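Right, one structure below, let's go through it.
Chain A is the first sequence line, chain B the second, and so forth, proteins listed ahead of strands; every chain is numbered from 1. If you're wondering where the values come from, they're calculated on a predicted model, not measured in any experiment.
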There are 2 protein chains.
Amino acid sequence: MKVLWVVAHPERRSLTGTLWEEGTRALEEEGHEVRVSDLYGMNWKAVVDEGDFAEEAGSGRRLFVGRAQERAFRGGGLSDDVRAEQEKVRWADVVVFHFPMWWFGPPAILKGWFDRVLTQGFAFGVADDDGGVRRYGDGGLAGKRAWVVTSVGARASGFGARGVHGEMEEVLFPLLHGTFWYTGMEALPPFVVYGADRCDARGYARTVGELRRRVRELAGMSPLAYRPERGGEYDDALVLRDDLAPGRCGVGVHRRDSR
Amino acid sequence: MKVLWVVAHPERRSLTGTLWEEGTRALEEEGHEVRVSDLYGMNWKAVVDEGDFAEEAGSGRRLFVGRAQERAFRGGGLSDDVRAEQEKVRWADVVVFHFPMWWFGPPAILKGWFDRVLTQGFAFGVADDDGGVRRYGDGGLAGKRAWVVTSVGARASGFGARGVHGEMEEVLFPLLHGTFWYTGMEALPPFVVYGADRCDARGYARTVGELRRRVRELAGMSPLAYRPERGGEYDDALVLRDDLAPGRCGVGVHRRDSR
């Protein structure tokens, strides 16, 4: 497989730095091809602004971000850094997003990667031959898979089904479902390191071992069973049919195997 | 009341620009004091890096972001831009976060405001006299309230209780519960503009009218009924007691009035 490893941490000598090194090495040992986007190392620009689509912006027209991104994408006018990342995504079978969880989501530098790279026309806002919108299980990145590797200071129990921080996969719903699945990428079950703030040498070794084991299983790993938008489970108002997860509400209903 | 309005949009001539202008004007008409952080206008730095705590970083020690932020916070060593924002937050009774929803969350420039401003020691990681952690309903920002004003291209039905995009308040859980409530701020019910991509002149006028009405009600608005961490609803493992929302799972259980 071709794997793009996108990593966001300001300190190379961190648990994230170690896991990134060991994870990519394990992939190569399995015979996979690996490319890396080290966002801090690249001094990645986090913020969508007129520099991303200079020609569009120079028109003086009122700026609609999605449309400007799409016009620039189609006309080859996106900035070099964005085009380079899009090329890596095109190349990849699996994209790994590796980050410490800050405020229950990715650090701004990685959020900015999604904002800037997954442009309209490339990752979403694409239609099929009959004009239908390809989204949720389909889209510009269909056929690829995406994997979150993250770490949190808190204990695992707090992220359980009834833990105070919220169930981990539901906390990550904007990423797993709203970003990966939305663009057509299957979301693999996240690899989460809990108690990362209190990780000693033995904890490091155990965590590295677990990551390596998961990496070896990556090719055959089953994705989360999110429901496709088109396929009859949602009605024309994009609401889940009454007979599926009957009587239940909330983001959990969008998994076929939800409780 | 003292209201800090934090806004993140690259185009002043946007729906967001109009709502920001009208919303802050309505606040002033009601006699409230208003300060604004226009993140794009300020050219706000989104990314946590060594510039935020230069003295800490200069030590050559391995960087632990939370600890470095806290040491710099306590020693007055945070960068000027971060200290200025913390002072505004200290001043405010209500903080408004106003943004277009990108990938089901705030744009990177605003995510970076949370990452950089809500430092350990200031907003979280604070203890009371008996050493207990003040968090979820308590914390460095206790007594304040926070309000999301946002816009999405999609229709409202897709963000309903069983809509394909996920229930809006659950999609915003990392912000409403994991950021506001975590630091002690009560989360007010978000003001969401749906169908923002297709908003014509009449839609603009109607939306402005609705925002102005909500702003007039702001002082008396009831917050979302999230459960406090300490108060007996969670056990020592931070798991919700069996007899509360019995048999149910997912982020919805953390609201007292959840279905």
- Message: Do A:Val82 and A:Phe73 make a side-chain contact, defined as non-hydrogen atoms from C-beta onward lying under 4.5 Å apart?
- Response: no
- Greatest number of non-hydrogen atom pairs under 4.5 angstrom with chain B, of A:Ala8, A:Pro106, A:Gly66, falls to A:Pro106
- Message: Taking A:Ala196's backbone N and O only, do any of them form a donor-acceptor pair with A:Ser151's side chain (distance below 3.5 Å, no angle check)?
- Response: no
- Task: For each of A:Ala156, A:Gly160, A:Pro100, A:Pro107, tally heavy-atom pairs with chain B at distances under 4.5 Å, and name the one with the top tally.
- Result: A:Pro107
- Task: Find the one option among A:Tyr226, A:Phe124, A:Trp44 whose heavy-atom pairs under 4.5 Å with chain B are most numerous.
- Result: A:Phe124
- Message: Would you say B:Tyr182 and A:His165 are linked by a side-chain donor-acceptor pair, where the criterion is simply a distance under 3.5 Å?
- Response: no
- In terms of heavy-atom pairs under 4.5 Å with chain B, the winner among A:Arg12, A:His9, A:Arg61 is A:Arg61
- Task: Could you tell me the separation between the CG atom of A:Leu63 and the CZ atom of B:Arg13, rounded to the nearest 0.5 Å?
- Result: 8.5 Å
- Query: Taking the six-membered ring for Trp, is the centroid-to-centroid distance between B:Phe180 and B:Phe97 below 6.0 Å?
  - Reply: yes
- Message: Which residues in residues 110-120 of chain A have any heavy atom closer than 4.5 Å to a heavy atom of chain B?
- Response: A:Lys111, A:Gly112, A:Phe114, A:Asp115, A:Leu118
- Do A:Leu176 and A:Pro190 have side-chain heavy atoms sitting under 4.5 Å apart? yes
- What one should report as the nearest heavy-atom pair of B:Lys45 and B:Val47 is NZ-O, 2.9 Å
- Message: Which atoms of A:Thr179 are under 4.5 Å from chain B, going by heavy atoms: the side chain, the backbone, both sets, or neither?
- Response: both
- With respect to chain A, which residue among B:Val164, B:Leu238, B:Asp49 yields the maximal number of heavy-atom pairs within a distance under 4.5 Å? B:Val164
- Query: Given that the side chain runs from C-beta out, which part of B:Asp236 has a heavy atom under 4.5 Å from chain A: side chain, backbone, both or neither?
  - Reply: backbone
- Query: Picking from A:Asp235, A:Val48, A:Leu244, A:Thr183, which has the most non-hydrogen pairs under 4.5 angstrom with chain B?
  - Reply: A:Val48
- Query: Any cation-pi pair here, A:Arg227 with A:Trp181, using under 6.0 Å and within 45°?
  - Reply: no
- Task: To the nearest 0.5 angstrom, please state how far the CG atom of B:Leu19 sits from the NE2 atom of B:His98.
- Result: 5.0 Å
- Note on the structure: Looking only at B:Ser14, B:Gly158, B:Ala245, B:Ala237, most heavy-atom pairs under 4.5 Å shared with chain A are made by B:Ala237
- Counting distance only, does the side-chain N/O of B:Arg162 pair as donor-acceptor with the main-chain N or O of A:Arg248 below 3.5 Å? yes
